[in-house]
Amino acid sequence: MITEGELLDDLNPAQREAVLHRGSPLLVIAGAGSGKTRVLTRRIAHLVLTGETRASSVLAITFTNKAADEMRSRLVNMLGDEARYMWMSTFHSACVRILRTNAERFGYSKSFTIYDTQDSRRLIEQIEKELNVDPKKIRPQALLREIGAAKSEMVDFESYRDRASGPFERTVSEVYSQYQQRLKQFSAMDFDDLLMVTVNLFEACPDILDMYRDRFKHILVDEYQDTNQVQNRLVLMLGEVHRNVCVVGDADQSIYMFRGADVRNILEFEKAFPDVKVIALEQNYRSTRNILDTANAVISNNRSRIPKNLWTSSDTGPPIFRYRANDENDEARFVSKEVKRLVDQEALFYSDMAVFYRTNAQSRALEEAFVMEGIPYKVIGSTRFYDRREVKDLIAYLMVVANPADDLSARRIINSPKRGVGEATLAKVVEYAKANKINLVDSFSYATEAGVSKKASEALAELASVISDLVKMNDDGAGPAQLLATVLERTGYRESIKSLEVHEAQSRMENIAELVSMAGRFGELQDMLETVALVSDADDLYDIEGKVSLMTIHIAKGLEFEVVFMAGMDDGVFPHMRSIDDPVQLEEERRLCYVGITRSKRWLYMTHAWERMLWGAYTSSIPSRFISEIPDELVRDL
DNA sequence: TATCATAGTGTTTTT
DNA sequence: CACTATGATA
């Protein structure tokens, strides 16, 4: 176990102050690379080590599950097993935990289902059709976005209805209301509900709120600049009594406005707690001076910004390298050659390097070039493993087993694998379920009564019997892996894949195998489904050993690399077209650029292409304005 | 009902 | 271009 001295020894005065401060709320303004994670970890360790707080009274919120796991394992190293009792997770995971414990108090089943964005979109599209709204004219995504925005400001569908004006908002209002009713009926919640419903729960049941307020003696939140209003509300609610709230953030790294994040929460925090202690961490330990100067030069172009002076005592380092490529293939070739050269001449490892881009689509050309050069790489993010068709299909079976009220998942499995159930059959069972007020899954056994053809009703009866067996197995304690194996065999899912094209079949089987092996790590179905619903792209960061990492800049937040390539530095790509004529959004793009630059410890490359394949046609572009914001003397052309 | 071909349509970023 | 939605045909 670590000693108190060791905890504080290698900290600078500001960091130490942040670790030691007591007695009032604390706001740590932490510049990029200033050691905020270290401060957060040490602060928690110090609280527990000195006996001031028990680990189980600590609530620490991070941006990703991965970050939470890392912090927890560091704390376990410092404090021993007691650290395992800390609440350390994302807002979403913490809320799920609270909601599961108290679900019955507000009319949801304890085994409520969590819908991801894709599920929500499907449900909304379904509702649009029922309401005779053309999903082509008003895209489900647009509705979901609007509904999500409302939820992140805690506007429920009743209040939305009251304030709706104009045709669009009235449509949204109708869909929103239907959507919520349906979610409730299915005992399901979407991402935004997890947060909003928790706040509602606390408001409706003061005794529950008091319980958690009392329990969490210390609350710590990382990446505060990326919290939205509901999250802010949760923190303020929970922290109100003990007031031992410590939040860490950097307004210059706020890059999730589009998701409802509100930098003003940092200011709100100061307003909510007038006696707040503010500590600024301004020494950067990560990057060379050239990189820091570059970052500072770029970000200083943001007008709505509180100036800050991030400094470093490290060496000047290499200049920023710029390459002007003919097209995206030339750009990718340059990057791959340079990666090779750095490995050969600078004795760097592949895992020291990362390539960042603005949009996932840009990874393609890079991947091709890497394959060509034989460079090992890993694309982080892009299509989530759990979003793959076959994976979602199989998980839908498990979701129905865990929560039979989940009609959306029932709809998904009704004809996958294909069992001769089409639109007509679906309509009949849906109608039957509605008329008899039963779950859609339960209607499968009454297909004949519902007027379904003999062939289809036989298929549905068989499906119903498989599901009831699965439910029984689950009750008897069979693990998720065993359930999956049963689904694969009994439903003919495995068999159905054989009819696919060889390459496709192989890739699907691989994914299924991975899913089954992942399921094997869980004893409880519910645990598995929860993990599946809440893991993010960024949580996928294992397995980069010996590989170059490719990712969007958003995912790169919080990471650092010896060498960073920022590809696609073209006006229109980055900053993105849709942000260019809105000053507010342009500033967010610039912060994103700042985040990218500050990920680099030593080498930074920016590449741009004069021509780029876009929507199947070559489009010409000019270098990103962000490049021209870097002082010339820091840049070297290659 | 399934399958195939064709048309149309859309691409930011994600817990 | 790549994906999906739609519609004609078996």
Side-chain angles (χ1 to χ4, degrees), chain A residues 61-68 89-96 114-118 120-122 125 129 134-137 139-142 144-145 148 151-152 190-195 223 226-228 230-231 254-261 328 356-365 380-384 387 389 415-427 452-453 455-456 459 496 499 533-540 551-557 568 572-580 582 585-586 588-589 591-593 595-596 612-619:
Chain A
I61 300 291
T62 57
F63 198 66
T64 63
N65 294 296
K66 173 89 160 88
S89 67
T90 61
F91 274 106
H92 296 267
S93 301
C95 287
V96 170
I114 302 166
Y115 283 165
D116 65 17
T117 320
Q118 209 188 344
S120 303
R121 214 188 300 129
R122 275 177 52 225
E125 189 175 348
K129 284 179 182 158
D134 185 359
K136 274 185 195 150
K137 275 179 84 180
R139 301 216 313 282
Q141 297 179 52
L144 187 59
R145 217 184 119 99
K151 285 183 180 178
S152 71
D190 66 14
F191 284 141
D192 303 306
D193 277 341
L194 296 176
L195 307 172
E223 309 280 13
D226 285 324
T227 53
N228 64 26
V230 195
Q231 296 174 147
S254 158
I255 55 174
Y256 283 98
M257 218 168 55
F258 70 91
R259 211 173 69 190
E328 78 274 15
F356 300 160
Y357 34 79
R358 177 66 239 264
T359 63
N360 283 119
Q362 290 169 254
S363 75
R364 204 203 182 91
I380 320 260
S382 69
T383 37
R384 228 171 53 125
D387 284 343
R389 169 97 130 295
N415 197 35
S416 75
K418 298 221 179 346
R419 50 173 69 87
V421 175
E423 224 172 309
T425 306
L426 176 65
V452 170
S453 73
K455 216 181 97 198
S496 76
S499 65
L534 296 176
V535 290
S536 68
D537 292 339
D539 295 328
D540 194 31
M551 66 190 94
T552 62
I553 309 173
H554 280 89
I555 289 192
K557 191 176 71 162
V573 175
F574 190 29
H576 195 273
M577 284 257 269
R578 301 187 60 151
S579 312
I580 268 175
D582 175 357
Q585 287 200 59
L586 187 65
E588 174 142 314
E589 296 281 303
R591 289 192 294 271
L592 189 57
C593 186
V595 168
R612 197 174 285 276
M613 181 76 91
L614 217 60
W615 292 331
Y618 271 102
T619 321

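Protein chains get the first letters and strands the later ones, always in sequence-line order, with residue 1 at the start of each. In this text, all values refer to a predicted model and were calculated from it rather than measured experimentally.
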task = Classify the ring geometry between A/F63 and A/Y256 as parallel (under 30°), tilted (30 to 60°) or perpendicular (over 60°).
result = tilted
Between P of B/dT14 and CG of A/L195, the distance in whole Å = 18 Å
message = Give me the distance, rounded to whole Å, that separates B/dT13 from C/dT4 when you measure between the C1' atoms they each carry.
response = 23 Å
ask   = Rounded to the Å, how far apart are A/N360 CG and C/dA2 P?
value = 15 Å
ask   = So what does A/K455 touch, heavy atoms closer than 4.0 Å: a base, only the sugar-phosphate, or nothing?
value = nothing
task = Answer yes or no: does a side-chain N or O of A/R364 lie under 4.0 Å from OP1 or OP2 of C/dA2?
result = yes
request  = Could you say whether the aromatic ring of A/Y256 and the base of B/dT14 stack, counting only centre distances under 5.5 Å and plane angles under 30°?
outcome  = no
ask   = Do A/R364 and A/M613 touch side chain to side chain, with heavy atoms closer than 4.5 Å?
value = no
query = What does A/E223 touch in the nucleic acid at a heavy-atom separation under 4.0 angstrom: a base, only the sugar-phosphate, or nothing?
reply = nothing
message = Between the base of B/dT14 and the side chain of A/H554, is one N or O donor paired with an acceptor at under 3.5 angstrom?
response = no
A/R121 CZ - C/dC3 P separation (whole Å) = 15 Å
inquiry  = When you compare the side chain of A/H576 with that of A/Q585, does any pair of heavy atoms fall below 4.5 Å?
reply    = no
inquiry  = Categorize A/T425 for me: base, sugar-phosphate, or nothing, with a 4.0 angstrom heavy-atom threshold over every strand shown.
reply    = sugar-phosphate
ask   = What is the distance, rounded to the nearest whole Å, between atom CG of A/L426 and atom C1' of B/dT1?
value = 13 Å
request  = Whole angstrom is fine here: how far is it from CG in A/L614 over to P in C/dA2?
outcome  = 13 Å
ask   = To the nearest Å, how far apart are A/I553 CD1 and B/dT14 C1'?
value = 14 Å
query = Quick one: does A/R358 reach the base of B/dT13 with a side-chain donor-acceptor pair under 3.5 Å?
reply = yes
